[in-house]
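Everything on this sheet refers to the single structure shown next.
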2 protein chains.
Amino acid sequence: MKKARAAAAPAQTTVYDLAEKAGVSAMTVSRALSGNGYVAKATRARVLAAAEEMGYFPNIAAKGLKRTRTHVLGMLVNELHSPYLAQIVSAVSLATRRHRMDLFIGLTAHDPDDDSPPAIKHMLSGLCDGLLLALPRSRQLIETVERSGLPAVLLDYSRSGTTLDIVRGDNHDSAKAAVDHLLSLGHRRIAFIAGTSHTGQSPERQRGYLDSLKAAGLAGDPALIVQGGFDQAQAFERTRQLLALSVPPTAVFAASDEMAFGAMDAVRTLGLRVPDDVSIVGYDDIPPSMHTQPGLTTVRQSTTEIAEAAVRLLLQRIDDPVPAAAPIEFASQLVIRGSTGPSPSPG
Amino acid sequence: MKKARAAAAPAQTTVYDLAEKAGVSAMTVSRALSGNGYVAKATRARVLAAAEEMGYFPNIAAKGLKRTRTHVLGMLVNELHSPYLAQIVSAVSLATRRHRMDLFIGLTAHDPDDDSPPAIKHMLSGLCDGLLLALPRSRQLIETVERSGLPAVLLDYSRSGTTLDIVRGDNHDSAKAAVDHLLSLGHRRIAFIAGTSHTGQSPERQRGYLDSLKAAGLAGDPALIVQGGFDQAQAFERTRQLLALSVPPTAVFAASDEMAFGAMDAVRTLGLRVPDDVSIVGYDDIPPSMHTQPGLTTVRQSTTEIAEAAVRLLLQRIDDPVPAAAPIEFASQLVIRGSTGPSPSPG
DNA sequence: GTGAAAGCGCTAACAG
DNA sequence: CTGTTAGCGCTTTCAC
C-alpha cells in the first residue's frame, strides 16, 4: 500500500485508494475497471462499487504514459464562428464517438505568433492517438504536425505539398456546376467573390468558375473577380462596387454562403432584387441559407461523409502508420433555391 | 541513460533523447526547457537547439503526473451549432490564452446516454487544472463535476442547486428592458417564444417578460406564451399559429435570435411586414442579427466579460479551492435595430 | 550550474 | 483468478 497522500491538494482518487477500500491489489482494480483479464464477479462488483462511491476517474495521463492508446483524437480548428466549421466539428465529434473514441478540440485562432502555437503543443504531447486538422490555414502548423510523426489527417485542404492524408469535399467540379447553372439561366456577366486562399478551397472554386466560363466560350472579365476574404461585410462592399460598374454583373457567385449573404444585402441596399435583378450563389449550405428570403442557391458539402472518412482513415493510420495515400474527395451537391433566376439581360 | 526505445512505435522524442544529444542530464534538459532553476546560457542554447532539431514536444501526461499544474483548462459544451455558443467558446479561448493557459474543448452532444459521458471522463482525469461548463444542460453532468472535486465554473447557468461557481449574463432585467421597449412603442399584445429550460436562461427571460407586463398593469395572456425549443423551424411554426389567433400579437419577443429569425420568416410568409405589422425582438445578438432586413432588435450579452471573468475565477479557485461564492452576473444590453417599430394598433 | 534518485497513477509482463 | 515488479516521461528534492 502507498503512503498517505499529501493533505494539500484536493486528492484525486487513485486505484490505490480503491484497492484499499475493496481489499484487493491495485492491479486487480485496474483489471476490474478495464474489463481486461480475469476478475471474480464478486471482486469486480466490490471494486466498481468503491469506484462509484469515491467518484473515481482514471487518470488518462498515467494511462497514456504506458504507451497504450489514449483513445482520444485531437482536432485543431482555427476558430468556430464559421457555421461550416461548426458543422465539420460536430460531424467529426459524432464520427469519433461512433468509433468509440473521444475528441478534444483546440482553437488555434488565438495562438500567439511565436514559433509553435500552444494549442498544438498539447495536442502533440502524447495526449491523443491522432490528429485532425480542419481547414488548416497555416503551413507552419501542418509542418509541425508532419515533423511530430503523430498520425494526422487534414480536412478540406486543397493545396499540395503536404505529406499528410487529406479528406475533402470537391471544390472545382461543384463550383463549375454552380456557374453552369447560372449560364443555363442566361447569365453572361457573372462575378466571383473569392475567399482567402489559405486552405486552397477558394482558388479551386475560382478555377471551377473560370473553367465553366471557358467551356461556354466566354472570356472571363478580371474586373468581375474580387476578394471577399470569406467575410460578409467585405463581400457586401465588393458587391456594391461590382454593381457600380458600367456594365454590372447579372449574377454573383460567392465562395462562401456568408459572403453570399453580404452580396444579397448589397443588392437590396441598392434597391435591386434577388433574383430578378441579380442572381446569387453561395457555397457550403450552412443552416441559415435555407432561411434567407429568397432561399440561397448554394453548394452543399458532404460534411458527414467527410468527417466519417477522415476519422476512419485516421484510425487506420494509427493502427498502421503507412505514408499518406492520395486525397479522398467527396462530391458536393448544387442546391438550387430562390436566389437564382433568369438573367434580366439574356445573351 | 535509458535503454534504447522499442522499434515499433513512432518514437516520440523524450528529454532523455535530448539529454543524450546535448550531452547533459535529463534534469538539465527539463530545467533548460522550463526556465526554472539555473542553467548555463550555452547549455541552455544547446538543449533548445536539440529540441528544435528533433521536433520535441513535452509530454503533458508525464507532466501532469507530477501533480504540478498542466496549464490546461477544459471546456465542456453541448454542441457548437449555436452561434452564441461559438462566441462564448471563442471568448473563453481568448481569455484562456491571455492567462497563458491552454484550452481543450469537448462536446457532450453525442455522448451516449450511459452514466458518465466520455468527454467529461477525460476532462476529469487529471488532464486539466479546471473545468468550464458552458450552458450546461444536464444536471447529471454538473453533479459529476461537483463530485470530482475538480475546480469548475458554470457559464450562463441560471438555475439553483449547484455548489459550483457561476458566471453569467443577466437574463431577467434585460428581458424586461426588451419588453419595456415594446411597450413604449405602444404594443400591448406581446408574445413570448420560450426556449428550452435546461440552463434556466429562458425561464428567467420569461420572468422578465412577465414582470414587464405586470409593471405596465397588463395581465399576460397565456395564449401568447409558446414553446420554441431554441429552434428556428419550431419558432417559425409557433409564430404562424400566434398570428392566426383571433386577436394576434403585434410584437414577438423570442428567447433567442435564431427563434427571432424564424418568427421574422413566419411574419413575411403570411404577407405581413416587420416591423410595420409585427415587431420582433431576439436575444443574444449573434453576428447575423445585424445583417437581417431589417436588422434585429435584440439583447447583447457581454460574452467577452463573461468569459474573462469565468477564466479568472476558475484560476483563483485552482489556486485556492474555496467554496463557491454567489453567481457573478453581467448586465446585458438592449440593441435596437429596425425590427421593432410602433404598434399598428396602439393600446 | 548540474546530476542522481525517486515517484506521480497506471498497466504490461510475469509469477503464483 | 490475483499479486508483484517495473517503468512510461517528467520534475521535485536533495546532493555535489
Side-chain angles (χ1 to χ4, degrees), chain A residues 1-6 8-20 22-47 51 54 56-71 121-122 124-127 129, chain B residues 1-6 8-20 22-47 51 54 56-71 121-122 124-127 129:
Chain A
M1 194 179 321
K2 291 280 162 171
K3 63 182 179 188
R5 335 184 81 265
Q12 200 178 324
T13 314
T14 76
V15 279
Y16 295 102
D17 301 327
L18 262 46
E20 185 175 10
V24 294
S25 75
M27 195 56 230
T28 301
V29 170
S30 172
R31 276 193 280 255
L33 294 173
S34 71
N36 299 336
Y38 301 96
V39 183
K41 274 243 154 74
T43 313
R44 184 191 170 79
R46 241 180 317 135
V47 171
M54 304 185 73
Y56 171 80
F57 279 97
N59 186 317
I60 193 190
K63 253 183 189 152
L65 268 190
K66 267 307 202 184
R67 283 227 154 294
T68 184
R69 299 287 161 70
T70 62
H71 291 284
K121 196 154 74 187
H122 278 134
L124 291 175
S125 68
L127 168 71
D129 296 337
Chain B
M1 199 178 319
K2 292 280 161 167
K3 65 182 177 185
R5 334 185 81 266
Q12 201 181 322
T13 314
T14 76
V15 279
Y16 294 102
D17 301 325
L18 262 44
E20 186 176 9
V24 294
S25 75
M27 197 50 236
T28 302
V29 170
S30 171
R31 276 193 279 253
L33 294 173
S34 70
N36 300 336
Y38 299 95
V39 184
K41 273 239 152 77
T43 314
R44 185 190 167 79
R46 243 180 316 135
V47 171
M54 305 186 71
Y56 170 79
F57 279 98
N59 186 316
I60 193 189
K63 253 181 189 154
L65 267 191
K66 267 308 199 185
R67 284 228 153 293
T68 183
R69 302 286 160 71
T70 62
H71 291 284
K121 200 154 70 187
H122 279 134
L124 291 178
S125 68
L127 171 69
D129 297 335

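So you know, we letter chains A, B, ... as the sequences are listed, proteins then strands, and number each from 1.
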What is the distance, rounded to the nearest whole Å, between atom [atom1] of [X] and atom [atom2] of [N]?
X	N	atom1	atom2	answer
A:L33	C:dA12	CG	C1'	16 Å
A:F57	C:dC10	CZ	P	13 Å
B:E20	D:dC10	CD	C1'	17 Å
B:L18	D:dG9	CG	P	13 Å
A:H71	C:dT11	NE2	C1'	13 Å
B:N59	C:dG9	CG	P	16 Å
A:N36	C:dT11	CG	P	9 Å

Minimum heavy-atom separation for B:T13 to B:D17, with atom names? CA-OD2, 3.4 Å

Considering non-hydrogen atoms only, spot the tightest contact between B:S25 and B:A19 and give its length. C-CB, 3.6 Å

Would you say the side-chain atoms of B:S125 pair up with the backbone N or O of A:F57, donor to acceptor, closer than 3.5 Å?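 No, the answer is negative, given that no donor and acceptor are paired below the 3.5 Å cut-off.
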
With no hydrogens and no angle check, is any side-chain donor or acceptor of A:R44 less than 3.5 Å from a backbone partner on A:V39?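 Such a contact is absent between A:R44 side chain and A:V39 backbone.
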
Below 4.5 Å, heavy atoms only, C-beta onward: do B:V29 and B:Y56 meet side chain to side chain?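 A side-chain contact is absent here, since even the closest heavy-atom pair is not under 4.5 Å.
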
Name all residues meeting the side chain to side chain contact (heavy atoms under 4.5 Å, CB included) criterion together with B:S30; count only those two or more places apart in sequence or in a different chain, and write none if there are none.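 Scan of B:S30 (side chain to side chain contact (heavy atoms under 4.5 Å, CB included), adjacent residues dropped) gives B:M27.
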
Taking only N/O atoms, report every protein-nucleotides 2-6 of chain D pair under 3.5 Å with atom names and distance.
residue: D:dT2; atom: OP1; partner: A:T43; partner atom: OG1; Å: 2.6
residue: D:dT2; atom: OP2; partner: A:A40; partner atom: N; Å: 2.6
residue: D:dG3; atom: OP2; partner: A:S25; partner atom: N; Å: 3.0
residue: D:dG3; atom: OP2; partner: A:S25; partner atom: OG; Å: 3.1
residue: D:dG3; atom: OP2; partner: A:T28; partner atom: OG1; Å: 2.5
residue: D:dG3; atom: N7; partner: A:R31; partner atom: NH2; Å: 2.7
residue: D:dG3; atom: O6; partner: A:R31; partner atom: NH1; Å: 3.1
residue: D:dG3; atom: O6; partner: A:R31; partner atom: NH2; Å: 3.3

Rounding to the nearest 10°, end axes of the helix from C:dG1-D:dC16 to C:dG16-D:dC1 built from five pairs each make an angle of 40°

When rounded to the nearest 0.5 Å, the distance separating OG1 of B:T14 from CG of B:N59 is 9.5 Å

